[in-house]
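One-based numbering, in listed order, for ligands and for the atoms of each.
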Amino acid sequence: MLIVGNWKMHGLQKEGLARLEKLKALVKNVASVTVVVCPPYTLLTEAAGILKNTSLLLGAQDCHTEASGAFTGDISAEMLKDAGCRYVINGHSERRRLHEESDILTSRKAMAAHLAGLIAILCVGESREEREAGNTLEVIAAQLDRCVPASATGKNTVIAYEPVWAIGSGRTPTPDEIETVHHAIHEHPRCGKMPVLYGGSVTPDNAAEILGIEGVDGVLAGGASLNPQSFAAIASAARGA
Ligand code: PGA
């Protein structure tokens, strides 16, 4: 089971580091559960120090396709690795929507993550219109065809199924709908042995049910990961699943 917290653009030094300290105290080492926190870039180096010798691992929310160079404002996967990260999120729907990032760019970013020795968390998901039109599985399959690079294996890549309409909305698909999509991802020719996470409005209240669905290997939580108690409760729901 893999539980990932995506803080998005939240967390100044004082408050962000205090949140990590609280998490460190609340999340206990459980052999079968891996817990990853993805704070903003500005907190990564300090976060790595705080999380050292704990069961919590560090991740980032995005990376560039190149290792270094004239790319003003960008951060490479190599830099993230150097800062203490083990994971990086690629192709989050907010990157796709607000920064016009494509599947192909996502694939190149994931490849850069692999080259740097990071585990890529590749996000896919359908829009509300695509779901209502009955196209969810086709949309997800097409995204996976394009955004899972040839370098991806079950060891260096995690797929996160995040329906765009479920993110931050308080709405989630039904357990059957989640199971159907996770089954399709596990069966996709490019995704052999990769863990598949569910993301989108995961809370302590629905975590146990979602984590109990066949084919769900963990969750990616946004809003709920900003509250240490809530995030720790989601991590402990993974113990029982
Ligand atoms: P949410 O975000 O849990 O706040 O819906 C999930 C995500 O964007 O990864």
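Annotation: Gly168 places an N or O atom under 3.5 Å from an N or O atom of ligand 1; distance criterion only. Residue Ala221 places no N or O, backbone or side chain, under 3.5 Å from any N or O of ligand 1.
Remark: distances from the non-hydrogen atoms of Gly199 to ligand 1 are all 4.0 Å or more. By the 4.0 Å heavy-atom criterion, Gly200 is counted among the residues contacting ligand 1.
Considering each of Glu162, Glu94, His92, the one bringing a non-hydrogen atom nearest atom 8 (O) of ligand 1 is His92.
Of the protein's non-hydrogen atoms, the one nearest atom 3 (O) of ligand 1 is Gly222 N, 2.8 Å. Scanning the protein heavy atoms around atom 4 (O) of ligand 1, the nearest turns out to be Gly223 N, 2.8 Å.
Side chain to side chain, Thr153 and His114 fail the donor-acceptor criterion of an N or O pair below 3.5 Å.
Of all the heavy atoms in Arg190 and Leu144, the pair that sits closest is CD-O, 3.6 Å.
The side-chain contact (heavy atoms from CB on, under 4.5 Å) test with Leu56 is passed by exactly one of Leu23, Thr34, Val36: Leu23. The side-chain contact (heavy atoms from CB on, under 4.5 Å) test with Leu220 singles out one residue from Cys123, Cys38, Ser225, and that residue is Cys123.
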Exercise for review: For the pair Val196 and His186, evaluate side chain to side chain contact (heavy atoms under 4.5 Å, CB included) and give the outcome as yes or no after the intermediate values.
Suggested key: CA-CA 7 Å; Val196 182; His186 281 296; 3.5 Å; yes
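Counting atoms of ligand 1 from 1 in the listed order, those under 4.0 Å from a heavy atom of Asn6 are 9 (O). The atoms of ligand 1 that sit less than 4.0 Å from any heavy atom of Lys8 are 2 (O), 7 (C), 8 (O).
Between Tyr198 and Tyr161, the ring planes are perpendicular. Angles over 60° get that label, and only those under 30° would be called parallel.
Within the 4.0 Å heavy-atom criterion, both parts of Ile167, backbone and side chain, lie near ligand 1.
Salt-bridge check for Glu78 with Lys81: failed, with every basic side-chain N at 4.0 Å or more from each acidic carboxylate O.
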